[in-house]
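First comes the structure, then the notes that go with it.
What you see is a predicted model, and the numbers here were worked out from it, not measured in a lab.
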Amino acid sequence: MDRIVLRGLRAVGRHGVLEAERRDGQPFALDVALHLDTAEAAAGDDLSATVDYGGLAEELVTVLTGEPVALLETLAARVAQRCLDRSGRIAAVDVVVHKPQAPLTVPFEDVELVVRRVRGVRP
C-alpha cells in the first residue's frame with residue numbers, strides 16, 4: 001500500500017472532559033496517513049483515481065472545530081471515519097490526535113492518541 005500523509009493540521013477545538021476546555025477551547029493537531037493504491041492515479045496522472053488531500057484537509061479541520069467531544073478517542077474515531085467515508089480507495093487510515101495543552105499537572109510536551117482503522121474491520 002502507498003500512503004498519503006497529512007501532518008500537523010491545526011485548529012482550535014473545544015474537546016475535553018473539563019468545563020474550561022469546552023468553554024475556552026485549545027489547540028489540537030492531526031497527523032493522518034491514508035493507505036491506498038496510487039498506481040492507477042500515477043499511470044493516468046488522474047486526481048480522480050486518488051484522494052484529493054486538499055479537500056480532505058479542510059474536512060478534517062471542520063471535525064477539529066466541530067461538535068465537542070469529551071475523549072480524544074471519540075475525536076480520533078470521527079476523523080478516521082471521515083477519511084474512510086471520503087473515498088472507497090482508502091483501505092486503512094492512521095490518525096494521530098495531538099493535544100499539546102492538555103490539562104496535566106506535570107511538565108509535558110504533548111499528549112497523543114493514535115488509532116488505526118481498516119476498511120471492513122471493526123475496531
Side-chain angles (χ1 to χ4, degrees):
M1 283 282 112
D2 304 318
R3 286 186 323 192
I4 296 173
V5 178
L6 297 168
R7 194 175 319 278
L9 295 173
R10 293 184 301 270
V12 173
R14 298 182 182 279
H15 311 289
V17 296
L18 301 178
E19 181 182 325
E21 293 178 293
R22 289 181 174 241
R23 181 188 64 236
D24 302 336
Q26 62 189 292
F28 289 83
L30 289 175
D31 303 327
V32 177
L34 309 171
H35 301 267
L36 67 158
D37 183 352
T38 63
E40 180 184 344
D45 199 26
D46 181 7
L47 178 61
S48 69
T50 187
V51 175
D52 174 0
Y53 53 81
L56 179 60
E58 291 174 4
E59 285 185 37
L60 297 182
V61 166
T62 67
V63 174
L64 283 179
T65 61
E67 180 186 349
V69 297
L71 300 178
L72 292 179
E73 291 83 348
T74 306
L75 183 59
R78 286 183 179 180
V79 168
Q81 191 59 54
R82 180 69 64 97
C83 292
L84 292 172
D85 290 346
R86 175 81 176 180
S87 173
R89 295 182 182 276
I90 300 171
V93 60
D94 298 321
V95 175
V96 182
V97 177
H98 299 268
K99 189 174 179 180
Q101 294 182 8
L104 300 181
T105 60
V106 297
F108 73 102
E109 190 171 311
D110 192 13
V111 172
E112 294 181 358
L113 176 77
V114 181
V115 299
R116 170 174 273 218
R117 297 294 183 263
V118 177
R119 183 172 302 284
V121 176
R122 290 194 130 326

Donor-acceptor pair, side chain of R22 and main chain of G16, under 3.5 angstrom: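 Looks like yes, one N/O pair under 3.5 Å.
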
Assess whether atom CG of D45 is packed by more than 12 heavy atoms of other residues, nucleotides or ligands within 6.0 Å. no

Is R7 atom CZ crowded by more than 12 heavy atoms from other residues, nucleotides or ligands, each under 6.0 Å away? no

If two hydrophobic side chains count as joined below 4.5 Å and joins carry through other members, does [X] share a cluster with [Y]?
| X | Y | answer |
| --- | --- | --- |
| L18 | V12 | no |
| I4 | V118 | no |
| L72 | L104 | yes |

For the side-chain hydrogen bond (donor to acceptor under 3.5 Å, both in side chains) test, which of E21, Q101, R14, H15 pairs with Q26?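 Single side-chain hydrogen bond (donor to acceptor under 3.5 Å, both in side chains) partner of Q26 among E21, Q101, R14, H15: E21.
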
Minimum side-chain heavy-atom gap [X]-[Y] below 4.5 Å:
| X | Y | result |
| --- | --- | --- |
| L30 | V63 | no |
| T50 | L36 | yes |
| V5 | D31 | no |
| H35 | D94 | yes |

Before you tell me yes or no, could you show the steps for R119 and I90 under side chain to side chain contact (heavy atoms under 4.5 Å, CB included), namely the whole-Å CA-CA distance, both residues' side-chain angles and the distance that decides it to 0.1 Å? CA-CA 8 Å; R119 183 172 302 284; I90 300 171; 4.1 Å; yes

